[in-house]
Peer 1: 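Would you mind keeping the following structure in view while I ask a few things?
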Number of protein chains: 2
Amino acid sequence: MIDSVALFSTILSVLLMALPDTLTEIKKPVGLGAQIAETLKIAILEGEFRGGEQLGEHDLQNRFGVSRSPLREAFRELEKLGLIEIIPRRGSFVKRISRYDIEENFPIRAALEGLAAQLAVQKISDETLARMEKALDLMGRAVAAKNINSYYSHHLRFHELFIDSAGNELLKTTLQNLRMQSLWHRFSYQYYQEDLEKSYRVHQEIMQCFQSRDTDPEYLRKLVEHHINMALDSFLHYLEAFERKEGA
Amino acid sequence: MIDSVALFSTILSVLLMALPDTLTEIKKPVGLGAQIAETLKIAILEGEFRGGEQLGEHDLQNRFGVSRSPLREAFRELEKLGLIEIIPRRGSFVKRISRYDIEENFPIRAALEGLAAQLAVQKISDETLARMEKALDLMGRAVAAKNINSYYSHHLRFHELFIDSAGNELLKTTLQNLRMQSLWHRFSYQYYQEDLEKSYRVHQEIMQCFQSRDTDPEYLRKLVEHHINMALDSFLHYLEAFERKEGA
DNA sequence: GATCATACTATTGTCGACAATTCTACCACG
DNA sequence: CGTGGTAGAATTGTCGACAATAGTATGATC
């Protein structure tokens, strides 16, 4: 079995790190609430808190040594990310993730990533294409080395590159949330391992579409969308077999 | 020119009212924060606050007669809805809406409503179909009577019905946000009036697709998506002409 | 007269305390 | 033994005050 903690740190670092392109930006000064939200976000993604568990304000007050005001702000932030659920006068609870959440998330993400690809293919820069190719190359090496950590990292980067190139900020932020939730789901069922070779071949095809000058944007869109929906199918199929075995 | 206030109350009532189907639910007890958020939401949609205007905590404290805690919670809620922007240590500002916001919003909404239609067509109930037909009928009467208020109301309801039928809660809530923003955009440029007849004809076609037993879901999806993107084109075209006239 | 430093004001950030509500354990009653 | 009610504890909701920061106006210096 893979080392889940190492896998986390690798992928989380890719997902959470500031984009290399925006290194010129000065770090924005944020308050306690944002810092706590970031800490809790990682803690939840890493599985420190179980689904359904209540995030008591008193406990966290002791843990972080701050008052409840910034804590409550952090809760709002986490709710916006879809990681917790705030029930008035009851408290804040880490979301339970079920297969239904995954079934709801993937088709939306598929549709929007497909849209992003369609929008991006007409305006993507040669520089970005080169970066995608580099990411794809690293994905290929990861497949050969059977290094799942590495594959996931570069796979995330690959998608991120063309999503950014779509030039639609609202689409980008919407997808960031969906992708983060998706990652969370994946790690909640970490026993599942994708068929890396198959995934890699599809991304090769996607790359070729981006590079070709006379690509039909509609076709590329369908290709990307289908690829994500297939990943869902594969995952659900695996899950079904697992649950059948478990239930017996 | 149409009476914008009356139009507001009509459309907002449709958009904001609890679904008739959920009348059995007991009203959820909400705190001051949620109430204030609701009030501010309507105030912003109605244009009481200008884009870029700061929502000072002190002023609103006097206006509502509450402390700053629930106010700050309301701000978080409004930020989640995309109506304001919170800049740390600076304050909360009503979002400036430009044509770019609209250009970003519509394609995403189009893609997701198309997806919703595709998902819905295979599982929609006869009861819901009847309701859609009723809404469509009322849309037709509104066109004949040139009653824009009425048309928008039933048009919103029509879309709401098949979105609900998709059976994907995440998709539903995501679209609710996008649709609310879209409505806000529309009212910010309230001089624009859609071609109701053309819109009505498209919806007739959509209705036929939903009713036919051998409809290609992919075709319906494209139809819905295209319809929304056409509305964007029409709007942008109008805006361009308006800006050219204004700029001269 | 322009620019930079500085004091002052206004606004947001954080805190601890009190109020309101919900949850829990216990007890009486059928 | 199960049910309903009540008192207590635990938790969230709200408040007013103080701290920290950003914005503004004033004045000194070149």
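What you see below is based on every heavy atom in this structure, not just the backbone, and it leaves out hydrogens, waters and symmetry mates. Proteins get letters first, then strands, A, B, ... in listed order; numbering begins at 1 in each.
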Peer 1: B:Arg72 CZ to C:dT11 C1': how many Å, rounded?
Peer 2: 10 Å
Peer 1: Can you check whether B:Tyr152's main-chain N or O pairs, donor with acceptor, with B:Arg157's side chain at less than 3.5 Å?
Peer 2: no
Peer 1: Specify the separation, in whole Å, of atom CD of B:Gln61 and atom C1' of C:dT11.
Peer 2: 12 Å
Peer 1: Find the distance A:Leu71:CG to D:dG13:P and express it as a whole number of Å.
Peer 2: 13 Å
Peer 1: Expressed as a whole number of angstroms, how long is the span from B:Ile84:CD1 to C:dT12:C1'?
Peer 2: 13 Å
Peer 1: Is it true that the NZ or CZ of B:Arg109 lies under 6.0 Å from the centre of B:Phe106's six-membered ring and within 45 degrees of the ring axis?
Peer 2: yes
Peer 1: To the nearest Å, give me how far apart CD (A:Glu57) and P (C:dG16) are.
Peer 2: 14 Å
Peer 1: Please state whether the phosphate of D:dT11, meaning OP1 or OP2, lies under 4.0 angstrom from any side-chain nitrogen or oxygen of A:Arg89.
Peer 2: no
Peer 1: In whole angstrom, what separates A:Phe93's CZ from C:dC23's C1'?
Peer 2: 11 Å
Peer 1: Roughly how many Å is it from CD in B:Glu77 to C1' in D:dG13, rounded to a whole number?
Peer 2: 15 Å
Peer 1: Evaluate the ring planes of B:His155 and B:Tyr151, with Trp represented by its six-membered ring, and classify them as parallel (under 30°), tilted (30 to 60°) or perpendicular (over 60°).
Peer 2: parallel
Peer 1: As a test of reading the structure: which of D:dG16, D:dG13, C:dG16 is closest to the side chain of A:Ser67, going by heavy atoms?
Peer 2: C:dG16
Peer 1: How long is the line joining CD of B:Gln35 and P of D:dT14, in whole Å?
Peer 2: 9 Å
Peer 1: Do any side-chain nitrogens or oxygens of A:Gln54 fall under 4.0 Å of OP1 or OP2 in D:dA10?
Peer 2: no
Peer 1: May I ask you to decide if A:Arg90's main-chain N or O and A:Gln54's side chain share a donor-acceptor pair within less than 3.5 Å?
Peer 2: yes
Peer 1: Regarding B:Arg90, tell me which of base, sugar-phosphate or nothing describes its non-hydrogen contacts under 4.0 Å with the strands shown.
Peer 2: sugar-phosphate
Peer 1: Kindly point out which of D:dC15, C:dT12, D:dG13 is positioned nearest to the side chain of B:Arg68?
Peer 2: C:dT12
